[in-house]
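Here the structure comes first, spelled out in structure tokens, and everything after it is commentary.
Everything quoted here is computed from the prediction, not taken from an experiment. Only heavy atoms go into these numbers, but all of them, side chains included; no hydrogens, no water, no symmetry mates. Sequence positions, counted from 1, serve as the residue numbers for this chain.
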Amino acid sequence: MTDILTVTMNPAVDIATSTGTVTPTHKLRCDIPRRHPGGGGINVARVVHRLAGDCAALYPAGGVNGELIQHLLDEEGVNSICIDIAGETRESFSVSESSTGLEYRFVLPGPELMPHEWQACLDHFSALAVPPRYLVASGSLPPGVPVDFYARLTRLAKPLGVKVVLDTSGPALAAALEAGVYLVKPSLRELRDLFSQTLETESQWRRAAEQLVVQGKAEVVVLSLGEGGAWLFTNEGACFAPSLPIKVVSAIGAGDSFVGAMVWALARGLELKAAFRYGVAAGSAALLSKGTGLSLSEDVARLYGDVRLI
């Protein structure tokens with residue numbers, strides 16, 4: 001039995017490098033690149049593994065990049081389940097401009113999945129002898145995968161008593177919420193897109209987040225405000241965690257680190273507010289790592305005590 005299963009439908013080899021100044025036309029001489037296995041759920045699984053949690057990552061992948069992702073996950077000791085596909089798994093890359101500290105992120109589309117390929121991911125979950133306690137559906141959907149894929153996955157999981165944690169955006173987010181999940185972690189931009197409203201004031205976006213709980217679309221809503229901190233909403237009320245004073249090296253993977261640590265804490269039996277604090281600590285810790293380095297367990301433990309709830 002696995003405590004946590006993550007599903008990543010659009011994995012990537014994440015490449016990170018740096019150069020002095022990003023300018024058009026000229027050749028930009030870059031530093032030696034760092035390569036990590038990436039995609040929302042894969043990043044979540046990497047963080048859970050670092051925290052010594054019981055987790056497996058399910059993902060469709062193919063080609064040279066698909067083999068590389070599996071190899072990189074094996075190197076980290078992350079339990080992975082690869083569903084073979086015909087297409088070549090994508091790459092994404094980021095370039096840090098050392099003269100300014102700015103980071104440029106280039107996200108490529110994934111390969112188009114055939115119906116039998118994405119269906120194989122659903123079939124794998126359905127065939128599990130013992131379902132996980134938590135199912136993390138995270139990241140974008142590649143071409144060919146229906147927008148209600150996460151909703152279908154949720155409808156398979158809920159009757160089994162599996163708690164679904166959702167971290168995606170756009171139509172995939174809206175469709176999955178209609179099926180009703182345990183926890184959802186939108187950013188403020190994603191919340192605005194979901195409601196097709198500007199939600200300019202705190203009272204407006206708080207009301208929107210609370211509405212998701214009242215309507216039964218999510219039992220728990222974690223609203224990420226980036227440098228503005230994070231909110232936790234349940235039917236018992238709300239609380240706020242101010243951001244920690246961190247010198248940002250890279251913001252890539254901060255949200256995935258947040259989800260990974262929070263789900264890890266919940267799987268350990270910690271109460272919700274403590275798990276929320278671990279999420280904030282891990283999201284902050286990820287800011288200290290280059291590229292998709294994600295949060296390190298020692299940084300999470302160190303920062304946990306600094307997280308305040310208001």
(message) Pairing donors with acceptors under 3.5 angstrom, does anything connect the side chains of Glu103 and Ser96?
(response) no
(request) Would you kindly confirm whether Leu188 and Leu287 end up in one hydrophobic cluster when ILVMFWY residues are joined by side chain heavy atoms under 4.5 Å apart? (result) no
(request) Please examine the side chains of Glu210 and Phe233, heavy atoms only from C-beta on, and report whether any two atoms are closer than 4.5 Å. (result) yes
(request) State whether the number of non-hydrogen atoms from other residues, nucleotides or ligands found under 6.0 Å of Glu236 atom CD is greater than 12. (result) no
(request) Examine Arg105 relative to Phe93 and say whether NZ or CZ is less than 6.0 Å from the centre of the six-membered ring and inside a 45° cone about the ring axis. (result) no
(request) Heavy atoms only: give me the nearest Val48-Gly260 pair and the separation to one decimal. (result) CG2-O, 3.4 Å
(request) List the atom of Leu177, the atom of Leu194, and the distance in Å for their closest heavy-atom pair. (result) CD1-CD2, 3.5 Å
(request) Any chance you could measure Leu232, atom CG, to Leu223, atom CG, to the nearest 0.5 Å? (result) 10.5 Å
(message) Within the supplied structure, the quantity of interest is the number of heavy atoms (other residues, nucleotides, ligands) at a distance under 6.0 Å from Arg302 CZ; does it exceed 12?
(response) yes
(request) Specify the closest pair of heavy atoms between Val162 and Pro132, including all atoms of both residues, with the distance to one decimal. (result) CG2-O, 3.2 Å
(request) Rounded to the nearest 0.5 Å, what's the gap from OG1 on Thr6 to CG on Leu135? Could you check? (result) 8.5 Å
(message) Treating Ser94 as the side-chain partner and Tyr104 as the backbone partner, does any N or O pair qualify as donor plus acceptor under 3.5 Å?
(response) no
(request) Would you check if Thr201 and Arg207 make a side-chain contact, meaning some heavy-atom pair closer than 4.5 Å? (result) no
(message) Measuring from atom CG of Leu58 to atom CG of Leu153, what distance do you get when rounded to the nearest 0.5 angstrom?
(response) 8.5 Å
(request) Would you check if the side chain of His124 reaches a backbone N or O of Ile83 as a donor-acceptor pair within less than 3.5 Å? (result) no
(message) Using only atom types and a distance under 3.5 Å, with no angle test, would you say the side chain of Glu178 pairs donor to acceptor with the backbone of Ala175?
(response) no
(message) Quick one: does any side-chain atom of Arg50 pair with a main-chain N or O of Ser295 as donor and acceptor, under 3.5 Å?
(response) yes
(request) Report yes or no: do Asp74 and Gln70 form a side-chain donor-acceptor pair below 3.5 Å? (result) no
(request) Indicate if Val248 and Leu303 have the same hydrophobic cluster label, given that clusters are the connected sets of ILVMFWY residues with side-chain heavy-atom separations under 4.5 angstrom. (result) yes
(request) Count the heavy atoms belonging to other residues, nucleotides or ligands that lie under 6.0 Å from CD of Glu298, then report whether that count exceeds 12. (result) yes
(message) With side-chain contact (heavy atoms from CB on, under 4.5 Å) as the criterion, how do Leu72 and Glu75 come out once you've worked through the C-alpha distance, each side chain's angles and the decisive distance to 0.1 Å?
(response) CA-CA 5 Å; Leu72 292 171; Glu75 279 192 334; 3.8 Å; yes
(message) Can you tell me how the ring of Trp231 sits relative to the ring of Trp205, calling it parallel under 30°, perpendicular over 60° and tilted otherwise?
(response) perpendicular
(request) Please round to the nearest 0.5 Å and tell me the distance separating atom CG of Asn65 and atom OG1 of Thr89. (result) 6.5 Å
(request) Under the side chain to side chain contact (heavy atoms under 4.5 Å, CB included) rule, collect the residues that match up with Pro171, sequence neighbours excluded. (result) Val147
(message) Are the side chains of Arg192 and Thr198 in contact, using a 4.5 Å heavy-atom criterion?
(response) no
(request) Verify whether one side chain among Asn10 and Ser140 offers a donor that lies under 3.5 Å from an acceptor in the other. (result) yes
(message) Give me the atom names and distance for the closest heavy-atom approach of Phe276 to Ala230.
(response) CZ-O, 3.6 Å
(message) Restricting to salt bridge (charged side-chain N to carboxylate O under 4.0 Å, His left out), what partner residues turn up for Arg90, sequence neighbours left out?
(response) none
(message) According to a hydrophobic-cluster definition based on side-chain heavy atoms being under 4.5 Å apart (Ile, Leu, Val, Met, Phe, Trp, Tyr only), do Val22 and Phe106 belong together?
(response) yes
(request) Identify the heavy atoms of Ala208 and Phe195 that sit nearest to each other, and give their distance. (result) O-CZ, 3.3 Å
(message) Are Tyr134 and Val181 linked, directly or through intermediate hydrophobic residues, by side-chain heavy-atom contacts shorter than 4.5 Å (ILVMFWY only)?
(response) no
(request) Measure from the side-chain N and O atoms of Ser250 to the backbone N and O of Ile252, and report whether any donor-acceptor pair falls under 3.5 Å. (result) yes
(request) Please step through side-chain contact (heavy atoms from CB on, under 4.5 Å) for the pair Val263 and Tyr278, ending with a clear verdict. (result) CA-CA 9 Å; Val263 175; Tyr278 267 112; over 6 Å; no
(request) Please report the C-alpha distance between Ser297 and Asp299 in whole Å, then the side-chain angles of each, then the deciding distance to 0.1 Å, and finally whether the side-chain contact (heavy atoms from CB on, under 4.5 Å) criterion is met. (result) CA-CA 5 Å; Ser297 59; Asp299 290 327; over 6 Å; no
(request) Could you check if a side-chain atom of Leu244 sits within less than 4.5 angstrom of a side-chain atom of Val307, using non-hydrogen atoms only? (result) yes
(message) Measuring from atom OH of Tyr59 to atom SG of Cys121, what distance do you get when rounded to the nearest 0.5 angstrom?
(response) 11.0 Å
(request) With Leu183 as reference, evaluate Val220, Val136, Val259, Val164 under the side chain to side chain contact (heavy atoms under 4.5 Å, CB included) test and give the passing residue. (result) Val220
(request) Output all residues satisfying salt bridge (charged side-chain N to carboxylate O under 4.0 Å, His left out) with Arg133, sequence neighbours left out; order by chain, then residue number. (result) Asp3
(message) Can you confirm whether Val222 sits close enough to Val184 that some side-chain heavy atom of one is under 4.5 Å from a side-chain heavy atom of the other?
(response) no
(message) Please find the pair of heavy atoms, one from Ala267 and one from Ile4, that lie closest to each other, and give the distance.
(response) CB-CD1, 4.0 Å
(request) Quick one: list whatever passes salt bridge (charged side-chain N to carboxylate O under 4.0 Å, His left out) with Glu202, sequence neighbours left out. (result) Arg206
(request) Could you tell me whether the side chain of Leu122 reaches within less than 4.5 Å of the side chain of Phe149, counting heavy atoms only? (result) yes
(message) Is there a side-chain contact between Pro142 and Trp118 in this structure, where contact means two heavy atoms from C-beta onward sitting under 4.5 Å apart?
(response) no
(message) Asp256 vs Val47, test: side-chain contact (heavy atoms from CB on, under 4.5 Å). Steps then yes/no.
(response) CA-CA 8 Å; Asp256 298 331; Val47 171; 5.9 Å; no
(message) Between Thr8 (side chain only) and Ile42 (backbone N and O only), is there a donor and an acceptor less than 3.5 Å apart?
(response) yes
(request) With sequence neighbours excluded, tell me which residues meet salt bridge (charged side-chain N to carboxylate O under 4.0 Å, His left out) with Asp193. (result) Arg189
(message) Any side-chain to backbone donor/acceptor pair from Lys217 onto Gln211? Under 3.5 Å, distance only.
(response) no
(message) Please check this pair: side chain of Arg277 against backbone of Met262, looking for a donor-acceptor N/O pair closer than 3.5 Å.
(response) no
(message) Let me confirm one number: the NZ-CG distance from Lys273 to Leu309, rounded to the nearest 0.5 Å.
(response) 7.0 Å
(request) Report whether Leu272 and Trp264 are members of the same hydrophobic cluster (ILVMFWY, side-chain heavy atoms less than 4.5 Å apart, transitive linking). (result) yes
(request) Give a yes or no on whether the backbone of Val64 and the side-chain of Glu67 come within a donor-acceptor separation of less than 3.5 Å. (result) no
(message) Applying side chain to side chain contact (heavy atoms under 4.5 Å, CB included), can you list everything that pairs with Thr21, at least two apart in sequence or on another chain?
(response) Thr23, Glu97, Ser99
(message) I'd like to know if the side chain of Ser92 and the backbone of Ala12 have a donor-acceptor N/O pair within less than 3.5 Å.
(response) no
(message) Would you say that Ser289 contacts Val249 through its side chain, given a criterion of any heavy-atom pair below 4.5 Å between the two side chains?
(response) no
